[in-house]
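Here's the structure we're looking at; comments come further down.
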Protein chains: 2
Amino acid sequence: MATGREIAQLCGVSVATVSRVFNQPETVNEDTRERVLRVAKELDYRPNESARALSTKQSTMIGLVWDTDHRRPGWRHPYLQDLLIGLKSALSAHGYHLLMLATSGDAREVGASLADPVGYVNMTRRHHLGGLVLIDSGSDAEAFESFAQSGFPCVALDVAVDGPRATYVTSDNSGGAREAVAHLLGLGHSRIATITGPPGNQPSDARLSGYRAALRDAGVEPRADYVVAGDFYRASGTAAVQRLLALDEPPTAVFASSDEMAVGALLAARAAGLRVPRDLALVGFDDIEIASVVDPALTTVAQDKPGFGVAAAKAIMAMITGGGREEPVVLPAKLVVRDSCGARQG
Amino acid sequence: MATGREIAQLCGVSVATVSRVFNQPETVNEDTRERVLRVAKELDYRPNESARALSTKQSTMIGLVWDTDHRRPGWRHPYLQDLLIGLKSALSAHGYHLLMLATSGDAREVGASLADPVGYVNMTRRHHLGGLVLIDSGSDAEAFESFAQSGFPCVALDVAVDGPRATYVTSDNSGGAREAVAHLLGLGHSRIATITGPPGNQPSDARLSGYRAALRDAGVEPRADYVVAGDFYRASGTAAVQRLLALDEPPTAVFASSDEMAVGALLAARAAGLRVPRDLALVGFDDIEIASVVDPALTTVAQDKPGFGVAAAKAIMAMITGGGREEPVVLPAKLVVRDSCGARQG
DNA sequence: CTGAAAGCGCTTACAG
DNA sequence: CTGAAAGCGCTTACAG
């Protein structure tokens, strides 16, 4: 691959001039500029990224922290692929690449595990990353917050962080949940239960508060036994419905904090001989692919998955360029009415 | 972050010695080595990756070519997330990071688009990548092959390439398809149709040949009108079944080359008033999450998705270390019998 | 076993 | 407008 020196020799200029042509084109004479450009194009010259990063202390890479250790709970939410695609595409448009950082599985660097914020800072420095995008895998919130304080640009997904150049993007979880439950209320239900995610998980907590707000709006008395905790995954939805059905006064409708749990709930209802939505109405959250395929098709609150990635890319680019912090982004979460809630039946 | 120079000063040695401690520890005196190590640990020293890559011409990154341009057909196969997780985890274990390269969407570098192999080579050189992992998005096969010839380590997924340090990993597509169709034959079907992927797509072609082999084994005459081409996506499965049902002698069983198409087929059968598997038996391929959730649950040929990633990581690390080419990896594809084929009914 | 030196390929003040 | 020089932080022959 051609180097700047070769271009320089071929054009009879110094390497400094070649460099200027690409970094401060306005400071170089038009004739020489065009000559350099022409030769560079002929030789398909591109500045070496390692050298550039070493010199400028700034690479064209954004780091992605996503702990895929299979012992961690949240590593494989089914919408991460869409999110990743949105993120990568949007970053690409700015000429940035996405570096998926090796995480704690990394045997060779136990001490430098990404599990702690020091690890994040180190990685960012060593690779001269423009910043970090942080995906929560279940219990990284404190580490994320701590990295956010470091001053490096960073945007966290679905976990609130604050720092001089930090922000986050999340869905309107409480609003979406509220709309979902209001919809159930509107269909005549008053015995509405909810299956939450892991307590402490921010989106889950927000959805729970949306559930409560909707009940309050409608003047429906909340019942503690109608709130059962799950972990976002399918089996916990099944278990939750089994518990709810065992109640003296079982609910007639269930709002699940994730589609996976809603599917689990569906399975439990079916196994108990109940028909959905006739005997039990169901609403989920996420709108993953399964939601529309299951029978009955799941009414759910849709999250804008690629939008997460795009928003994250936009925010981090803005912080790299601008220097200040960006406002948190709250994406709309919209109710998608299908068959499991009963709105479509007679 | 501490630099090698600081460590050197603190230890009263030269930077060369510090470097040696990390790269050729056996060549340095035990006492000084331990002194350096101790100080390095205290300051949490890590060599700067840009500098290291510039000097050694070898980074600790593997590039991933995955064109997510939404105009491309194959950008979002539903199992890519699992594959990615397997790949990243296995690479992490070797201390390597995964660089998701900006692709043709990259507005700033139209000329350097990854669409052509020159783009791949350039990227590899500029970032001193250890090699490339190539995911086919529909029509990259020639570009991949051409990159493979360049001599840089590379492993392609589901497309055969050859080169001095190139190999690929794929599933036993023909074997899996053969087993699926044999199973249908065993259940008494003889009018078995198939829905293929895009003609020319290697896995699809292999599955088709497996289908044919199974028929041949059983002495069943193949029929041209029982082979209809799809594109791996759902809608094409629906359209295919509509066509098949319009035949004078419609099939009693269908083998679809992907689960997505099988789901589309299921929908079409249902819409036509047919019950699956009673009126029409169905087998898919992939075993994506949807397969087990759909009703009836889909009998399908399971691919080892994380295994793809792990095998790719293993192969590329071997080629980086060893220098030669690796044998192609063919992962087992196993029939998973559920409800859509009729084996479980009376 | 260890240090001084050169080099990896670029960028950016500093002179001119 | 342009070149010479220094520097980014590391590695690796080359001497000693």
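Quantities reported herein were computed from a predicted structural model and do not represent experimental measurements. Residue numbering restarts at 1 for every chain, and letters A, B, ... go by the order of the sequence lines.
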Does OP1 or OP2 of [N] have a side-chain N or O of [X] closer than 4.0 Å?
| X | N | answer |
| --- | --- | --- |
| B/T17 | C/dG3 | yes |
| A/K57 | D/dG9 | yes |
| B/R52 | D/dT11 | yes |
| B/S19 | D/dT11 | yes |
| B/T32 | C/dC1 | no |
| B/S14 | C/dG3 | yes |
| A/Y45 | C/dG9 | no |

When the distance from [atom1] of [X] to [atom2] of [N] is rounded to whole Å, what number comes out?
| X | N | atom1 | atom2 | value |
| --- | --- | --- | --- | --- |
| A/N23 | D/dT2 | CG | P | 15 Å |
| A/Q9 | D/dT2 | CD | P | 18 Å |
| A/N48 | C/dG7 | CG | P | 17 Å |
| A/L54 | D/dC8 | CG | P | 9 Å |
| A/R126 | D/dC10 | CZ | P | 10 Å |
| A/H127 | D/dC8 | NE2 | C1' | 16 Å |
| B/Q24 | D/dT11 | CD | C1' | 9 Å |
| A/R5 | D/dG3 | CZ | P | 15 Å |

Polar contact flag, side-chain donor to acceptor under 3.5 angstrom, B/N23-B/R52 | yes
Looking just at side-chain N and O atoms, do A/H128 and B/N48 make a donor-acceptor pair shorter than 3.5 Å?
-> yes
Counter-base of D/dC1, judged by Watson-Crick or G-U geometry with both distances under 3.5 Å = C/dG16
For the side chain of [X], counting heavy atoms from C-beta on, which of [options] is nearest?
| X | options | result |
| --- | --- | --- |
| A/N29 | D/dC10, D/dC1, D/dA4 | D/dC1 |
| B/V15 | D/dG3, D/dC8, D/dT11 | D/dT11 |
| B/S55 | C/dG9, C/dG3, D/dC10 | D/dC10 |

If the plane angle is over 60° it's perpendicular, under 30° parallel, otherwise tilted; pick one for B/F144 and B/Y120.
-> tilted
For the side chain of B/R20 and the base of C/dG3, is some donor closer than 3.5 Å to an acceptor across the two?
-> yes
Reckon A/V18 touches a base, only the sugar-phosphate, or nothing at all at heavy-atom distances under 4.0 Å?
-> nothing
Using the closest heavy atom to pick a nucleotide of DNA chain C for each, name whichever of B/H128 or B/V13 lands nearer the 5' end.
-> B/V13
Residue pair B/A16/A/T56 against DNA chain C: nearer the 5' end by closest nucleotide is B/A16
Does B/V133 reach the side chain of B/L87, with side-chain heavy atoms less than 4.5 Å apart?
-> yes
Could you tell me whether the side chain of B/D158 reaches within less than 4.5 Å of the side chain of B/Q202, counting heavy atoms only?
-> no
Kindly say whether the aromatic ring centers of B/Y45 and B/F22 come within a distance under 6.0 Å.
-> yes
